[in-house]
Amino acid sequence: MLIGLMQGIGIFYYWTWFIWPFVFVFSFAVGLAEIIKDENASGKNILIAAVSLLIILAGVVAPAFS
């Protein structure tokens, strides 16, 4: 079941590969800056960075599952 989900995310990544590196880097940098400035900052940007990293890795690893 999870391998099928990874393959689905991988197909989504192949169509949108040019977006995810920018989303990852920008949201990670903004999230770190917020956490450094304020200890009580929300982790929304870090969560977005984690999801975009998941999508990137699923796109890279999905062909190995075929």
Side-chain angles (χ1 to χ4, degrees):
M1 181 177 133
L2 291 177
I3 292 176
L5 179 66
M6 290 280 287
Q7 288 175 339
I9 293 172
I11 291 169
F12 177 69
Y13 173 76
Y14 289 143
W15 288 101
T16 59
W17 64 268
F18 48 89
I19 296 171
W20 299 111
F22 296 109
V23 171
F24 173 69
V25 170
F26 180 76
S27 61
F28 189 67
V30 170
L32 280 180
E34 285 180 355
I35 290 173
I36 290 171
K37 285 182 185 177
D38 183 18
E39 292 178 357
N40 298 325
S42 68
K44 181 181 71 169
N45 286 317
I46 299 295
L47 183 65
I48 292 170
V51 169
S52 64
L53 182 62
L54 169 73
I55 291 171
I56 291 169
L57 292 178
V60 170
V61 178
F65 292 135
S66 297

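Below, all heavy atoms of this structure are taken into account, side chains as well, without hydrogens, waters or symmetry copies. Heads up: numbering here begins at 1 and tracks the sequence.
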Check: residues 36-47 side-chain donor-acceptor pairs under 3.5 Å, at least two apart:
| from | atom 1 | to | atom 2 | distance (Å) |
| --- | --- | --- | --- | --- |
| D38 | OD1 | N40 | N | 3.3 |
| N45 | ND2 | E34 | OE2 | 3.3 |

For W15, the rest of its hydrophobic cluster, which grows through side-chain links under 4.5 angstrom: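 I11, which link up through side-chain heavy atoms under 4.5 Å apart, make up the rest of the cluster.
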
Side chain to side chain donor-acceptor pair (under 3.5 Å) contacts in which one or both residues fall within residues 50-60, not counting sequence neighbours: none

Show me the donor-acceptor pairs, under 3.5 Å and distance only, between side chains in residues 16-32 and residues at least two apart or in other chains.
| from | atom 1 | to | atom 2 | distance (Å) |
| --- | --- | --- | --- | --- |
| T16 | OG1 | F12 | O | 2.9 |
| T16 | OG1 | W20 | NE1 | 2.7 |
| W20 | NE1 | T16 | O | 3.3 |
| S27 | OG | V23 | O | 2.6 |
| S27 | OG | F24 | O | 3.4 |
| S27 | OG | A49 | N | 3.4 |

ring-ring contact (aromatic ring centres under 6.0 Å, His included): pairs with one or both residues in residues 44-63, sequence neighbours excluded: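 Qualifying pairs: none.
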
